[in-house]
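Have a look at the structure below, then the notes.
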Amino acid sequence: RTRGGHRRIPVSEAVRYIRDTHTHVQKPELLGLEVAPQLIDAEEVDVPSAAARMLQVLEEGHASAVIGLMQWLYASGMSIAELCDGPIATAMTQIGERWPHDKRAIFIEHRATILCCRALNQLRLSIPEPDEDAPKAIGAAMSGDMYLMPTLIASLVLYEAGFNEINLGPNTPLDVLADSVIDEAPRLVWLSIAEPIRSKSQLAEVIKLADVAGAHQSMFVIGGRCTAELDAAMIGTDGKPRWARCKSMAEFRRVATANS
């Protein structure tokens, strides 16, 4: 408790309360929420302003500012998908485009990635736990794909949507993911593909995973910047799609919840 006898609550609980009750916060800085002045009094989040502020705090590299901004945007009503498709994606794209013109670009990008992952994991604490009988989901990024954020974001989108999700992380052998589908029989399987499919054997592994998911009545969803090259293999021998391909986290959530 505080010195005045009031119950002390975690910031994550305060963020959840603000979001659920649509409470307007006059001084978010008292909660450790990092907000640009133009965002405080707005009736709804201005995405360009939020993206500009996200870029600024990621460039400056202060973890508390990144965490505070994401918590504020979530408390203000943005979904995880909207947060990631909008401010985070915009800021990270702008940072990535500085290479090779800025020699510090790789350092800033890697640091920004870690800060985003840290903030997203913190944000998870503000999301209610799924029900005990919630549908299961399992996913990962395939072997050779070292990107942390896409599969982390996918898992968080599903968690917010009420799934009991398991994120196996980046660089996951697809036979490991296939075995987990057999063992866990999830409602949904996701695969992040941010690196090109470099061989016929890699493509065969994706198709095999799709077949395993289908055999266990699991919906198979792929996403990432290198998924379009798999379109030619999308239709199976039975004439049905092997997977659904999503181009955004918002689309991913819609597809997932439509089949939950």
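For the numbers below, each heavy atom of this structure counts, side chains included, while hydrogens, waters and symmetry mates do not.
Note on Leu168 and Leu158: separate hydrophobic clusters, where clusters join Ile, Leu, Val, Met, Phe, Trp and Tyr whose side-chain heavy atoms are under 4.5 Å apart, directly or indirectly. Under the 4.5 Å side-chain heavy-atom criterion for Ile, Leu, Val, Met, Phe, Trp and Tyr, Met146 and Ile95 are members of distinct hydrophobic clusters. A continuous path of ILVMFWY side-chain contacts below 4.5 Å connects Leu209 to Ile166, so both sit in one hydrophobic cluster. Using a 4.5 Å cut-off between side-chain heavy atoms of Ile, Leu, Val, Met, Phe, Trp and Tyr, with links allowed through other members, Leu123 and Met249 fall into the same hydrophobic cluster. When hydrophobic clusters are built by joining Ile, Leu, Val, Met, Phe, Trp and Tyr residues whose side-chain heavy atoms come closer than 4.5 Å, directly or via intermediates, Ile114 is not grouped with Leu58.
A donor-acceptor contact under 3.5 angstrom links the side chains of Thr151 and Asn167, judged on distance only.
Looking at heavy atoms from C-beta onward, Ile153 lies in side-chain contact with Val157 at the 4.5 angstrom threshold. You'll find the side chain of Arg242 stays beyond 4.5 Å of the side chain of Val206, heavy atoms only. Looking at heavy atoms from C-beta onward, Phe252 lies in side-chain contact with Trp190 at the 4.5 angstrom threshold. Taking 4.5 Å as the limit, some side-chain heavy atom of Met54 sits within range of a side-chain heavy atom of Met70. Leu230 has its side chain out of reach of Arg245: every pair of non-hydrogen atoms, C-beta onward, lies at least 4.5 Å apart. Between Val181 and Pro186 the shortest side-chain heavy-atom distance falls below 4.5 Å. Side-chain contact between Ile193 and Leu191 is present, with at least one heavy-atom pair separated by less than 4.5 Å. Using a 4.5 Å cut-off on side-chain heavy atoms (C-beta onward), Val57 and Leu115 make no contact.
Remark: side-chain polar atoms of Asn171 are paired, donor with acceptor, to backbone N or O of Gly144 under 3.5 angstrom. Of the possible polar contacts, none joining the Glu97 side chain to the Gln94 backbone as a donor-acceptor pair under 3.5 Å is found. Of the possible donor and acceptor atoms, none in the side chain of Arg98 sits under 3.5 Å from a partner among the backbone N and O of Ala105. Checking side-chain atoms of Asp46 against main-chain N and O of Ser49 turns up a donor-acceptor pair under 3.5 Å. Formation of a donor-acceptor pair under 3.5 Å by the Thr257 side chain with backbone atoms of Arg254 is found in this model. No donor-acceptor pair closer than 3.5 Å links the side chain of Asp145 to the backbone N or O of Ala141. A donor-acceptor pair under 3.5 Å is formed between the side chain of Glu251 and the backbone N or O of Lys247.
For the side-chain contact (heavy atoms from CB on, under 4.5 Å) test with Cys246, the passing option among Val221, Thr227, Ile222 is Val221; the others fail.
Grouping Ile, Leu, Val, Met, Phe, Trp and Tyr by side-chain contacts under 4.5 Å, direct or through others, puts Trp99 with Ile106.
Taking a cutoff of 4.0 Å between a charged side-chain nitrogen and a carboxylate oxygen, Glu205 and Arg198 do not qualify as a salt bridge. Under the 4.0 Å criterion applied to side-chain N and carboxylate O atoms, Glu160 and Arg253 are assigned as salt-bridge partners.
Contact between Ala134 and Gly162 at its shortest, heavy atoms only, is CB-O, 3.1 Å.
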